[in-house]
Amino acid sequence: MQKPSHNALNSSSISLVTDKLGLGVLIYAYAMLLGSAYIFGYWRVFGFDVFPYASPIDYISAPLDRLLILISAPVVFSLVLFSQSDHTDSKFHKNLSAYLIFLYSIAFGVDYYQAISRFIRSDFHYEDEKSVLALAAALFLAGCCFTYRIFKHEKSVLICSSALILMQLAGTVAAGYSDGKAIFNGAANTFFLENKNLCEPEGARDWVYLGKFSSRVFFMNAIDKRLCITVADSFSLTPRKFAEGL
């Protein structure tokens, strides 16, 4: 009797997981994971733990402006579908994974270069900022290790998916840190709070919008980098380019 192949066993295992949990649950969990990675990288720049303020929807909505992160769930969705189909050609999985890993590696390289450049240009750093850059690099190297296994040893869907997820997480952490550091350094594409009294009554300094989590809104002082946490149902923002005539 012919024994089932390693690919077939992995496909059966993934099919069992999707049948038990549901494909939608897996995609939602993966989106939450990527959102957590982005938020972690973004807020480490400001030395603030925002996770106690975040709701489940915040993890998904935080990185929506990033195309790299937005296409992650469809990619995993496609891999899961292929794994449940009768198509078990390992060469197909290898080629598909190689193409996606190549794209994710380029995206990671761009974001990581921007993150390092903005870190170097900044005059102030919190103690744990370097750990974010180290984590992104470690995730990327782990993804490279799985990629090596794809081409040298195993070509299973599980190994391919692991490589893609690690590459994606590395790029997401780097993207979050890069975006946060750009704002911290005074990027031109930020937004100022119009009603400054929400953060500092009779204050003259501008407050930069950082994000909204649940009912709380976060701003950063443009000069001394102080954070302002306030509860506001409505508030007005002005583009920095317009406010300063940039």
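Treat the numbers as computed from the prediction; the structure is a model and nothing was measured.
- In terms of hydrophobic clustering, with Ile, Leu, Val, Met, Phe, Trp and Tyr side chains grouped at heavy-atom distances under 4.5 Å, Ile106 and Leu141 are assigned to different clusters.
- Heavy-atom contacts from other residues, nucleotides or ligands closer than 6.0 Å to CZ of Phe51 number more than 12.
- The line from CG of Asn197 to OG1 of Thr230 is 11.0 Å long, rounded to the nearest 0.5 Å.
- Legend: side-chain hydrogen bond (donor to acceptor under 3.5 Å, both in side chains) pairs involving residues 129-146, not counting sequence neighbours, sorted by first then second residue: Glu129-Tyr177, Glu129-Lys181.
- In this structure, CD1 on Ile183 lies 7.0 Å from OG1 on Thr190, to the nearest 0.5 angstrom.
- By the 4.5 Å side-chain criterion applied to Ile, Leu, Val, Met, Phe, Trp and Tyr, Leu193 is assigned to a cluster that also includes Phe191, Leu198, Trp207, Tyr209, Val217, Phe219, Phe235, Leu237.
- Residues that satisfy the salt bridge (Lys or Arg N to Asp or Glu O under 4.0 Å) test with Asp123, not counting sequence neighbours, are absent from this structure.
- Between Asp111 and Gly171, the closest heavy-atom pair is OD2-O, 4.1 Å.
- A heavy-atom distance below 4.5 Å is not found between the side chains of Leu210 and Val50.
- Take Arg205 and apply the salt bridge (Lys or Arg N to Asp or Glu O under 4.0 Å) test, not counting sequence neighbours, and it matches Asp224.
- Open room surrounds OH on Tyr113; 12 or fewer heavy atoms of other groups in view lie less than 6.0 Å from it.
- By the side chain to side chain contact (heavy atoms under 4.5 Å, CB included) test, Ile116 pairs with Tyr112, Ile120, Leu133, sequence neighbours left out.
- Side-chain contact between Phe146 and Ile165: absent, with no pair of heavy atoms (C-beta onward) separated by less than 4.5 Å.
- Every residue two or more places apart in sequence or in another chain that forms a salt bridge (Lys or Arg N to Asp or Glu O under 4.0 Å) with Glu200 is listed here: Arg226.
- Contacts of Ser55 classified as side-chain hydrogen bond (donor to acceptor under 3.5 Å, both in side chains), with partners at least two apart in sequence or in another chain: Asp58.
- Counting only distance, with no hydrogens or angles, the side chain of Ser214 and the backbone of Arg216 share no donor-acceptor pair below 3.5 Å.
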Practice item. Go through Phe192 and Phe242 one step at a time and tell me if the side-chain contact (heavy atoms from CB on, under 4.5 Å) criterion holds. Key: CA-CA 10 Å; Phe192 286 160; Phe242 177 79; over 6 Å; no
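- Between the side chain of Arg118 and the backbone N or O of Ser178 there is at least one donor-acceptor pair closer than 3.5 Å.
- Using a 4.5 Å cut-off between side-chain heavy atoms of Ile, Leu, Val, Met, Phe, Trp and Tyr, with links allowed through other members, Met220 and Val231 fall into different hydrophobic clusters.
- Hydrophobic clustering (ILVMFWY, side-chain heavy atoms < 4.5 Å, transitive): Tyr59 and Ile57 are in distinct clusters.
- Under the ring-ring contact (aromatic ring centres under 6.0 Å, His included) criterion, Phe218 pairs with Trp43, Phe48, Tyr53, Phe213, not counting sequence neighbours.
- Relative to the ring axis of Phe184, Lys225 places its NZ or CZ within 45° and under 6.0 Å from the centre.
- Of the inter-residue distances, the one linking Asp179 atom CG with Asn189 atom CG reads 9.0 Å to the nearest 0.5 angstrom.
- Across every non-hydrogen atom of Leu169 and Ala37, the tightest pair is CD2-CB, 4.0 Å.
- Without hydrogens or angle criteria, Asn185 side chain to Arg121 main chain gives no donor-acceptor distance under 3.5 Å.
- Residues Phe40 and Leu135 are in side-chain contact: their nearest non-hydrogen atoms beyond the backbone lie under 4.5 Å apart.
- Taking Thr147 as the reference, Ile101, Phe151, Ala163, Met167 meet the side chain to side chain contact (heavy atoms under 4.5 Å, CB included) condition, with sequence neighbours excluded.
- Within the structure, the disulfide bond (SG atoms under 2.5 Å apart) test picks out the following pairs touching residues 189-234 (sequence neighbours left out): Cys199-Cys228.
- Ala170 meets the side chain to side chain contact (heavy atoms under 4.5 Å, CB included) test with Phe108, Leu139, Phe140; sequence neighbours excluded.
- Legend: salt bridge (Lys or Arg N to Asp or Glu O under 4.0 Å) pairs involving residues 35-57, not counting sequence neighbours, sorted by first then second residue: Arg44-Asp128.
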